[in-house]
Each structure stands twice: as structure tokens, then as C-alpha cells.
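All remarks here apply to the structure that follows.
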Amino acid sequence: MTQVQHTEAPAGPFFRSGRLPLAGLLALAAGGFVTIMLETMPAGIRPAISGGLGVSEASAAARR
């Protein structure tokens with residue numbers, strides 16, 4: 001059986017510095033959080049929206 005010795009680390013920013021790319025991970029996490037929050041928040045405040053507009057919740061949820 002032949003043994004292969006690897007002398008170089010794999011390419012990529014993670015392997016060159018030996019650390020996690022925290023700035024990129026934090027940006028990705030913040031972007032995901034904001035996206036999910038903006039998608040789900042209108043469903044939670046629908047009663048307040050419909051009450052302020054004086055329409056039913058179903059009418060406030062309808063997209064035109």
C-alpha cells in the first residue's frame with residue numbers, strides 16, 4: 001500500500017488563517033434573521049393593522 005504525505009493545507013481563507021471567518025458568519029446570520037423577521041412580522045401584527053384601518057383581518061391580509 002502506498003502512503004501519501006500532504007505538506008500543504010487545502011486552499012481557502014479558513015485553512016490559511018486557521019480561524020473561522022467570523023465577520024462573514026455574523027453578516028450571514030444577521031441577514032437571515034432580518035429576512036425571516038420581515039417575512040413573519042406582518043402575520044403577527046395583522047390584528048393591529050386591521051384595527052387601525054377599520055377592516056377585517058382577512059381584508060388586511062389580502063394582497064391586491
When the side chains of residues 44-54 are checked against the rest of the protein, which donor-acceptor pairs come out under 3.5 Å, sequence neighbours left out?
| from | atom 1 | to | atom 2 | distance (Å) |
| --- | --- | --- | --- | --- |
| S50 | OG | R46 | O | 3.2 |
| S50 | OG | P47 | O | 3.0 |

Original post:
What's the shortest heavy-atom distance between S59 and V55, and which atoms?
Top reply: CB-CB, 4.0 Å
Subject >> Test side chain to side chain contact (heavy atoms under 4.5 Å, CB included) applied to L38 - qualifying residues, sequence neighbours left out >> reply: V34, M41
